[in-house]
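A short write-up of the structure that comes next.
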Amino acid sequence: MSKGLTSRSDDYSQWYNELVTKADLAEHSSVRGCMVIKPYGYSIWEKMQAVLDQKFKETGHSNAYFPLFIPKSFFSKEASHVDGFATECAVVTHYRLKNDGNGNIIVDEEAKLEEELIVRPTSETIIWNTYKGWIQSYRDLPLLINQWANVVRWEMRTRLFLRTTEFLWQEGHTAHATSEEAIAETEQMLNVYADFAENWMAMPVVKGKKTANERFAGALDTMCIEALMQDGKALQAGTSHFLGQNFAKAFDVKFTSKEGKLEHVWATSWGVSTRLMGALIMAHSDDQGLVLPPKLAPIQVVIIPIYKGDEELAKISAEVEKITSALKAKGISVKYDDRDTQRPGFKFAEYELKGVPVRLAMGGRDLENNTIEVARRDTRTKETLSRDKIADTIEKLLKEIQTNIYQKAHTFREEMTTKVDSYDEFKKVLEEKGGFISAHWDGTSETEAKIKEETKATIRCIPLNNPQEEGVCMVTGKPSKERVIFALAY
RNA sequence: CGGGAUGUAGCGUAGCCCGGUAUCGCGCCACAUUUGGGAUGUGGAGGCCGCAGGUUCGAAUCCUGCCAUCCCGACCA
């Protein structure tokens with residue numbers, strides 16, 4: 001591991017890239033645009049999965065698994081859906097390789113697929129094709145399914161976690177008897193995401209609705225949670241779509257209602273991806289490395305012995321054992337790092353880089369005084385405390401850290417949210433300060449496109465429960481009844 | 001997919017203009033001394049210089065083609 005990290009102020013983008021690789025989260029693979037998620041990074045993702053999966057189940061959903069490949073013809077069934085994804089699909093055309101006689105392996109042109117297969121960029125089509133066979137009656141509804149899967153979107157430019165050609169995600173796909181019920185599901189899942197972002201990731205988000213331009217291909221409405229990163233750019237952290245009857249019509253999924261009428265079902269889909277890893281990294285980390293919220297940290301507490309000779313190490317280890325078992329009894333994950341190959345200072349730096357929330361250090365002095373050094377990652381402060389009831393202290397401290405990093409991110413977002421009333425002011429804030437900009441907009445796609453064209457900023461969302469206020473669009477001067485949130489986005 | 005830059009040990013690099021088989025740092029291995037914030041010393045291993053051609057007695061260096069990566073645009077979770 002090399003020393004030091006590019007600072008955020010020097011080059012935010014480089015800081016991010018270095019952090020991801022140096023903290024052992026992920027690395028570039030030899031496949032262009034695809035990453036290898038390393039064990040430490042994957043264990044964070046696993047924690048996210050576990051929490052989300054439980055929330056999905058609590059809200060009545062079951063997991064299932066649908067194929068990686070989608071027949072091309074399925075794709076063409078929903079017009080706006082194809083338009084949205086056509087330019088970024090990987091296509092399987094052949095099913096066999098052969099030796100060309102010169103020792104080279106080539107595609108066997110004779111083994112051409114009759115119908116090409118698309119590697120799923122999302123699964124609406126294959127799933128709705130399947131649902132057709134599952135739904136006949138209102139008694140079959142609602143159908144509440146989630147799948148954990150990989151998807152492929154052939155992006156031009158990729159960045160570790162934020163945008164990779166292949167990524168991991170979950171996609172929920174539900175079918176309902178009524179529009180109201182489907183809308184309620186869309187909102188419910190958005191709330192699940194928001195709750196997860198704020199209470200587990202410690203990352204404040206704005207819940208809102210996307211404008212027509214930013215809507216998911218095939219949806220009637222897209223709701224989202226938007227987070228603000230430390231460089232003042234917005235990141236969409238999760239989406240929940242109300243699909244109306246678009247897919248039911250495209251795939252002819254009908255049910256007989258209580259009244260005996262044949263009707264198309266109403267659909268939703270919702271997802272979060274490994275992009276959340278990027279959000280988590282950029283929301284809290286500092287120039288020393290990762291800062292992880294205790295609730296998602298693979299290692300919550302690390303203990304480092306400081307000793308001279310094997311005899312002292314043995315004494316320290318015996319004391320540490322009491323602490324680790326007390327912490328484990330409280331469900332806290334602890335690592336005792338007694339490696340003899342690295343010195344304490346090295347370990348301190350390493351665990352800071354990896355974002356371990358609490359570090360305990362015990363040396364000869366502590367042994368005599370019944371004390372231990374407690375260092376917290378979020379504030380980078382340390383103090384020497386009595387070992388009496390240390391597990392209680394640590395448990396409280398972890399909760400405090402979780403709250404503190406949320407508060408810090410929240411305060412940052414508040415400070416970086418600016419209300420503006422003129423386009424000049426808008427451009428000035430965008431250029432000099434960044435962050436969320438709250439402004440009046442006339443509600444048209446044309447104006448939104450013009451702003452994007454001229455400033456690169458997009459409407460991140462129309463916040464839910466948005467205060468209604470009379471105003472005029474900052475660009476066209478046309479009347480507006482609410483403010484929307486603009487930002488430069490990832 | 002356009003515009004620019006760069007490919008030399010696991011990582012970061014010097015050498016390239018002016019051709020002679022490669023420099024330095026970190027990391028790695030061994031031993032010793034060390035251990036309350038990224039240890040020190042001594043010794044050691046590791047390279048078809050991105051790939052393929054060409055020019056030349058001789059190519060990391062010159063020429064041609066290809067590939068890859070990064071940055072900037074258009075596309076996007």
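Keep in mind that what you see is a predicted model, and the values were worked out from it rather than measured. All values below come from the heavy atoms of this structure, side chains included, with hydrogens, waters and symmetry mates left out. First the proteins, then the strands, lettered A, B, ... as listed; each starts at 1.
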Whether the side chain of [X] engages the backbone of [Y] through a donor-acceptor N/O pair (distance < 3.5 Å, no angle test) should be reported.
| X | Y | value |
| --- | --- | --- |
| Lys433(A) | Lys428(A) | no |
| Trp15(A) | Asp286(A) | yes |
| Thr186(A) | Thr268(A) | no |

In whole angstroms, how far is the [atom2] atom of [N] from the [atom1] atom of [X]?
| X | N | atom1 | atom2 | result |
| --- | --- | --- | --- | --- |
| Lys347(A) | rU34(B) | NZ | C1' | 14 Å |
| Lys452(A) | rA74(B) | NZ | C1' | 10 Å |
| Arg163(A) | rC76(B) | CZ | C1' | 5 Å |
| Asp24(A) | rC11(B) | CG | C1' | 14 Å |
| Gln14(A) | rU69(B) | CD | P | 18 Å |
| Leu367(A) | rG36(B) | CG | P | 16 Å |
| Met35(A) | rU69(B) | CE | P | 16 Å |
| Gln342(A) | rG36(B) | CD | P | 14 Å |

If the [atom1] atom of [N] is compared with that of [M], how far apart are they to the nearest Å?
| N | M | atom1 | result |
| --- | --- | --- | --- |
| rA9(B) | rC48(B) | P | 8 Å |
| rC72(B) | rG41(B) | P | 40 Å |
| rC28(B) | rG46(B) | C1' | 9 Å |
| rA45(B) | rG53(B) | C1' | 34 Å |
| rG47(B) | rU40(B) | C1' | 29 Å |
| rG65(B) | rG2(B) | P | 16 Å |

Inspect the contact between [Y] and [X] and indicate whether a charged nitrogen and a carboxylate oxygen are less than 4.0 angstrom apart.
| X | Y | value |
| --- | --- | --- |
| Lys335(A) | Asp337(A) | no |
| Lys209(A) | Glu187(A) | no |
| Glu400(A) | Arg376(A) | yes |
| Lys354(A) | Asp24(A) | yes |

* Taking the six-membered ring of Tyr423(A), is NZ or CZ of Lys427(A) closer than 6.0 Å to its centre and within 45° of its axis? -> yes

* Validate the cation-pi geometry between Arg359(A) and Phe348(A): distance from NZ or CZ to the six-membered ring centre under 6.0 Å, angle to the ring axis within 45°. =>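 Yes, Arg359(A) and Phe348(A) form such a contact.
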
Do [X] and [Y] have a side chain donor and acceptor closer than 3.5 Å?
| X | Y | value |
| --- | --- | --- |
| Asp366(A) | Thr371(A) | yes |
| Arg120(A) | Thr122(A) | no |
| Gln147(A) | Glu171(A) | yes |

* First encountered from the 5' end of RNA chain B, between Arg159(A) and Ala361(A) ->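 Counting from the 5' end, the first nearest nucleotide belongs to Ala361(A).
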
* To do: Report the residue (Thr158(A) or Gln236(A)) whose heavy-atom-nearest nucleotide on RNA chain B is the more 5′ of the two.
  => Thr158(A)

Of the candidate nucleotides [options], which contains the atom at the shortest distance from the side chain of [X]?
| X | options | result |
| --- | --- | --- |
| Asp366(A) | rG36(B), rG38(B), rG73(B) | rG36(B) |
| Arg343(A) | rG73(B), rU34(B), rC75(B) | rU34(B) |
| Glu88(A) | rG38(B), rG37(B), rC76(B) | rC76(B) |
| Asp340(A) | rU35(B), rG73(B), rG38(B) | rU35(B) |
| Ala349(A) | rG37(B), rC71(B), rG36(B) | rG37(B) |

* To do: Not counting sequence neighbours, which residues clear side chain to side chain donor-acceptor pair (under 3.5 Å) with Asn129(A)? List them please.
  => none

* Under the rule syn = chi within 90° of 0, otherwise anti, which is rU21(B)? -> syn

List in numerical order all residues of [range] for which some heavy atom is under 4.0 Å away from an atom belonging to RNA chain B.
| range | answer |
| --- | --- |
| residues 284-317 of chain A | Ile306(A), Tyr307(A), Lys308(A) |
| residues 368-384 of chain A | Glu373(A), Lys382(A) |
| residues 190-214 of chain A | none |

[N] phosphate, OP1 or OP2, under 4.0 Å from [X] side-chain N/O:
| X | N | answer |
| --- | --- | --- |
| Arg365(A) | rG36(B) | no |
| His28(A) | rA68(B) | no |
| Arg157(A) | rC72(B) | yes |

* **Test applied, salt bridge (charged side-chain N to carboxylate O under 4.0 Å, His left out); reference residue, Lys450(A); option that passes from Glu454(A), Glu453(A), Glu448(A)** =>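 Single pass found, and it is Glu454(A).
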
Can you confirm if the aromatic rings of [Y] and [X] lie within a centre distance of less than 6.0 Å?
| X | Y | result |
| --- | --- | --- |
| Tyr16(A) | Tyr490(A) | no |
| Phe247(A) | His173(A) | no |
| Phe426(A) | Phe486(A) | yes |

Under-3.5 Å N/O pairs linking protein and nucleotides 42-44 of chain B:
none

* Where each pair must be Watson-Crick or G-U wobble with both distances under 3.5 Å, what dot-bracket representation of RNA chain B is obtained, with crossing pairs in [ ] and other-strand partners as |? -> (((((((..(((.......[...))).((((((.....)))))).....(((((..]....))))))))))))....

* Asked: Has the side chain of Arg359(A) got a donor or acceptor that lies under 3.5 Å from a partner of the other kind on the base of rG37(B)?
  ->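 Under the 3.5 Å cut-off, the side chain and the base do form a donor-acceptor pair.
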
Have a look at [X] and say if it touches a base, only the backbone sugar-phosphate, or nothing, with a 4.0 Å heavy-atom cut-off.
| X | result |
| --- | --- |
| Glu155(A) | base |
| Leu235(A) | nothing |
| Phe216(A) | nothing |

* Minimum-distance pair of heavy atoms, taken over all atoms of Gly218(A) and Leu243(A) ->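 Heavy atoms only, the tightest pair is O-CD2, 3.9 Å.
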
* Which atoms form the tightest heavy-atom contact between Val356(A) and Ile299(A), and what is the distance? ->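 Of all heavy-atom pairs spanning Val356(A) and Ile299(A), the closest is CG1-O, 3.6 Å.
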
